[in-house]
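Each chain gets a letter, A, B and so on, in the order its sequence line appears, and its residues count up from 1. None of these values were measured; they are calculated from a predicted model. Values reported hereafter were calculated over all heavy atoms of this structure, with side chains retained and with hydrogens, waters and symmetry mates removed.
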Protein chains: 2
Amino acid sequence: MNGADMLCDVLLTNDVNVCFANPGTSEMHFVAALDRKPQMRCVLGLAEGVVTGAADGYARMADKPAATLLHTGPGLANGLANMHNARRAHTPMVNVVGDHATYHLQHDAPLTSDIEGLARPMSHWVGRIGTSAEVRVRTEEAYREAQMRRGVSTLILPADAAWGEVQPDTLSPVVLPQPPAVPAGTLSAAAAALRSGRRAVIILAGRALRAGALETAGRIAAATGAALFSQTSDRTERGAGRVAARPVPYNVDQAVQALREFEVAICIGGREPVGFFAYPGKPGTMLPPACEVIQLAGHEHDLSGTLDALAGFTGVGRDAPFLANRFTQREIAAPNGVLDADSICVAVARALPEGAIVIDEAITSGGRLTALSPGLAPHDHVPLTGGAIGEGIPLAVGAGVACPDRKVVAMQADGSGMYTVQGLWTQARENLDVVTVLLSNRAYAILQGEMRNVGVNEFGRNARRMLDLDSPDLDWCLIARGMGVEAARAETIGRFIDLLDAALARKGPFLIEARI
Amino acid sequence: MNGADMLCDVLLTNDVNVCFANPGTSEMHFVAALDRKPQMRCVLGLAEGVVTGAADGYARMADKPAATLLHTGPGLANGLANMHNARRAHTPMVNVVGDHATYHLQHDAPLTSDIEGLARPMSHWVGRIGTSAEVRVRTEEAYREAQMRRGVSTLILPADAAWGEVQPDTLSPVVLPQPPAVPAGTLSAAAAALRSGRRAVIILAGRALRAGALETAGRIAAATGAALFSQTSDRTERGAGRVAARPVPYNVDQAVQALREFEVAICIGGREPVGFFAYPGKPGTMLPPACEVIQLAGHEHDLSGTLDALAGFTGVGRDAPFLANRFTQREIAAPNGVLDADSICVAVARALPEGAIVIDEAITSGGRLTALSPGLAPHDHVPLTGGAIGEGIPLAVGAGVACPDRKVVAMQADGSGMYTVQGLWTQARENLDVVTVLLSNRAYAILQGEMRNVGVNEFGRNARRMLDLDSPDLDWCLIARGMGVEAARAETIGRFIDLLDAALARKGPFLIEARI
């Protein structure tokens, strides 16, 4: 066997059995090795942003990493933006990046580049395999680091390490250490703060937004009067019967307003909320300056266990009451009037099936759905985490691969959708059960708002040429069909509802172009 | 005025008047400044690979840099692969990358990343503006470095440097130093080698492949018996009346075979040819081990002047004869039989108009056109330089913007075309005169060949799933029309010829999907 075979075997031994790929010449031995392992599901993306975004979406839903296969520095580079999003979501991911044979690097061949340099800003761990004899230990290290740090591992595989012979060996799964424990003193301080009578907020992120952890947080909140807020994370289990945490608003003024009353904040799974961007004269952090911040646990901790422990320290029993979301989905009135972001969100809310996975890259258009979500049938919400637009379509690919028995509903803005539109082809090829609601406003609407934020209300030709997506309009139905995804256009809310019902009733990918 | 205004003014003062852009929130003040400068042509790309690839194509044809506008680390990351190609083509380019306000970086907001770390591997020069007072000097430096090094400058513009006030000033163009001179001793040694009776080859790259430099090289070759070869570069002026240099083959065995007889090689504009990839048991450099290599001049030199000087040292007069390509375009017989890569290339060769710009990302499908090119009407050949596929459509955008009065004929493979397919929309929006010949073989055919090179002739399911582009087939006509580009499909060579004639006779973008 060769190094590439060993790499595949280590991945499979650790239950990494999906590889999102866009290979090149330097990875041919790895491709050949994958071809000898039918247990590995190889999923092709026609651009690397699809590959890494799909691996992110897969791991968010499968709670285990996928591998990616990327072609040298430029292939990695194309995947970096969605690695950034995965990094911000603390998604475990094992990227395998091919490189020239070790002895060929001296020639500075055309595709040669500084792969480590490119990988480092968007990876938690970067390693290079020296020889084929190192493949096993380095691959195990990449996997361990991805899992332990909940992060992005990038493993560089030179061609000669892939094709070099290695001794077969009996492999066993990597033993992962227990996550670190939160010190009792910190738990005690947090509990005391919650019982102090000060106005307190618990700010949840990451795996603290899963149903069980949310329920515990809800018991603590109900017992202490603390407020519950959430930050943008890998995914949130939402819906009726669950506990809702209120999202910290994206808009700085609204966020400051929402958090203005709090005297103490307990952060679980993430750090204190900060502004997505800076604006002249506005604050960079969202909590009041006098608010005490207790950093209870980060993404590396067992967040459900931490919340259990906090409940214990706070004197909240496992059967203490909590405020569960009431099921109100059937009470939502059918939207009528114009087709716009609001009416579309209402229509999606009414029709959302239980267990749906809502991919959210709606940008300026998804607010209403979030507002309605607590009353809907239980579902997952999977948002853009790192702000690098162009992840919605790939996230839907990954979620669809991870959860073939659940409906994926992708709320997708047009500007961000175009970044990785190639992912529609993978949805078709893999026959993924994804309904894409394409909100076509033919603008980078968020940037038009940001221009107004900086005081520009009249746009000249250059601003219009950079912020509008018209002239020509994109025809999303043609684009989708060109990639093998059935599609139809709605220009009225009635037509949209009909299309949505039909798309949800069938299996397989479908795109609804909603012109708003 | 603010820092962003100053940045625009410095660019315009230095005749940088095209900005390929995909902005975000942190660049709003820059967008507002561009909006106040109608002299700057802002061209939107719907993904950053389009932006940087277009800037590369523009500079190759305009012989001056364009600016790009990219949104923080992830926006830059999406543009890196085509910056890699530009770096390998020694294309001057000035990237402006927005970043958070300086004082906001401490908060590690979601979009924060190590922009310098991302930029360095694919840039010749990276700089960060500290305050608005530094905008002028840093922008001038970025421009100077791009021009002097013929390279990629990446200038990081924090939001507060963009919005901060600066004093207006009288600007003047940056004075660029003369390129370095090749030492007389090196010229003399090269001339002696050419006159030594040894079998000599002159290997040209970069601007040594422009018509005037090629003609001088042709005079030297005719007088000394030296062979002329070329390496993949930014562009080559090809066609009848000009001098042809034979491309060093991509295939290692063929390259070694083509160069096997030479005892001395004189490299002008690039270094000695090396293998694109390493293969077990095959050499990494292409010249015979005993061949003496004289590195006469690099991309930083005046290559036309260097060739003049070499002619002088070699005793070759300005009126010495050279072997010009004969005009044979009208003698090419119309292709018939099946529609395949060969017959398509013959059809394009017959119809190619004078002054055409041939963008070449045909990968495995373009060989016949290169073979026929010496006899065609004078034209430019603009190839993929760095091996990072996905630059053809953006290069066509840039060439079309740079040369509105010339026909752009883009020979585009399907696999690489999908990487930056979004560029078709920019072709439509800017009404660029681009005919795309889309060679649809529904495979990464080059990789199928490379798999056979590593000894795998029977592909299993995983290999087929990673190397084939079928199931579903891409419908390029729908995709192109979806982005506003008219398109039609050819399945016979007769139909292809008719479509090509019609597309060449009109202005504006058109895509021919040739199913081979």
Side-chain angles (χ1 to χ4, degrees), chain A residues 21 23 25-26 28-29 31-32 34-35 42 44 46-47 74 77-78 80-81 84 88 100-101 104 107 109-111 113-114 117-118 120-121 159 163 274-278 280 284 386-388 418-419 422 428-429 450-451 454 456 460 462-463 465-466 471-472 474-475 478-479 481-484, chain B residues 21 23 25-26 28-29 31-32 34-35 42 44 46-47 74 77-78 80-81 84 88 100-101 104 107 109-111 113-114 117-118 120-121 159 163 274-278 280 284 386-388 418-419 422 428-429 450-451 454 456 460 462-463 465-466 471-472 474-475 478-479 481-484:
Chain A
T25 298
S26 40
M28 284 299 103
H29 288 87
V31 171
L34 289 165
D35 205 27
C42 294
L44 179 62
L46 298 187
N78 285 330
L80 286 171
H84 171 86
R88 292 296 183 180
H100 289 300
H104 198 65
H107 299 308
L111 262 171
S113 65
D114 174 8
L118 291 164
R120 252 179 232 118
W163 75 53
V274 302
F276 215 94
F277 294 103
M418 277 304 290
Y419 273 57
Q422 299 90 343
R429 175 180 256 201
E450 297 282 8
M451 277 290 274
V454 306
V456 179
N462 271 343
R465 297 288 280 186
M466 288 191 281
S471 344
L474 294 160
D475 185 324
L478 293 182
I479 294 171
R481 284 181 209 134
M483 298 192 198
Chain B
T25 298
S26 41
M28 283 301 101
H29 289 86
V31 170
L34 289 165
D35 206 28
C42 294
L44 179 62
L46 297 187
N78 285 329
L80 286 171
H84 170 86
R88 292 297 183 179
H100 289 301
H104 198 64
H107 299 308
L111 263 171
S113 64
D114 174 7
L118 291 165
R120 253 180 231 116
W163 74 53
V274 302
F276 216 93
F277 294 103
M418 278 304 289
Y419 272 58
Q422 299 90 343
R429 175 180 257 202
E450 297 282 9
M451 277 290 273
V454 306
V456 179
N462 270 343
R465 296 287 281 185
M466 288 191 280
S471 338
L474 293 160
D475 185 324
L478 293 182
I479 294 170
R481 284 181 210 134
M483 299 192 198

(message) Applying side-chain contact (heavy atoms from CB on, under 4.5 Å) to B:N78 and A:N78, what does each step give before you reach the verdict?
(response) CA-CA 5 Å; B:N78 285 329; A:N78 285 330; over 6 Å; no
Residue set satisfying ring-ring contact (aromatic ring centres under 6.0 Å, His included) with B:H104, at least two apart, ordered chain then number -> B:H100, B:H107
Of the listed B:M483, B:R120, B:M451, the one with the largest count of heavy-atom pairs under 4.5 Å with chain A is B:M451
Comparing A:G284, A:A278, A:P23, A:A101 against chain B, the one with the most heavy-atom pairs below 4.5 Å turns out to be A:A278
When the 4.5 angstrom heavy-atom criterion is applied to B:R429 and chain A, the contacting part is both
Ranking A:G484, A:A21, A:A159, A:G460 by heavy-atom pairs under 4.5 Å to chain B gives rank one to A:G460
Counting heavy-atom pairs under 4.5 Å with chain B, the top scorer among A:A428, A:A109, A:A388, A:A47 is A:A109
Between A:D35 and B:A463, the two heavy atoms sitting closest are OD1-N, 2.9 Å
* Asked: Would you call A:Y419 and B:L46 a side-chain contact if the rule is heavy atoms closer than 4.5 Å?
  -> no
Open item on the list: Can you confirm whether A:F276 sits close enough to B:T25 that some side-chain heavy atom of one is under 4.5 Å from a side-chain heavy atom of the other?
Closed with: no
Cut-off 4.5 Å, heavy atoms of chain A, and the answer for B:V456 is side chain
Answer key: most heavy-atom pairs under 4.5 Å with chain B among A:P280, A:S471, A:G275, A:S26 is A:P280
Pair count under 4.5 Å, heavy atoms only, with chain A: among B:N462, B:L34, B:I479, B:L474, highest is B:N462
Minimal heavy-atom distance between A:V31 and B:M466, with the atoms involved, is CG1-CE, 3.9 Å
Contacts of A:R465 meeting side chain to side chain donor-acceptor pair (under 3.5 Å) (sequence neighbours excluded), chain-then-number -> B:E430
Per-residue tally against chain B (heavy atom, under 4.5 Å) across A:A32, A:G117, A:A77, A:G386 peaks at A:G386
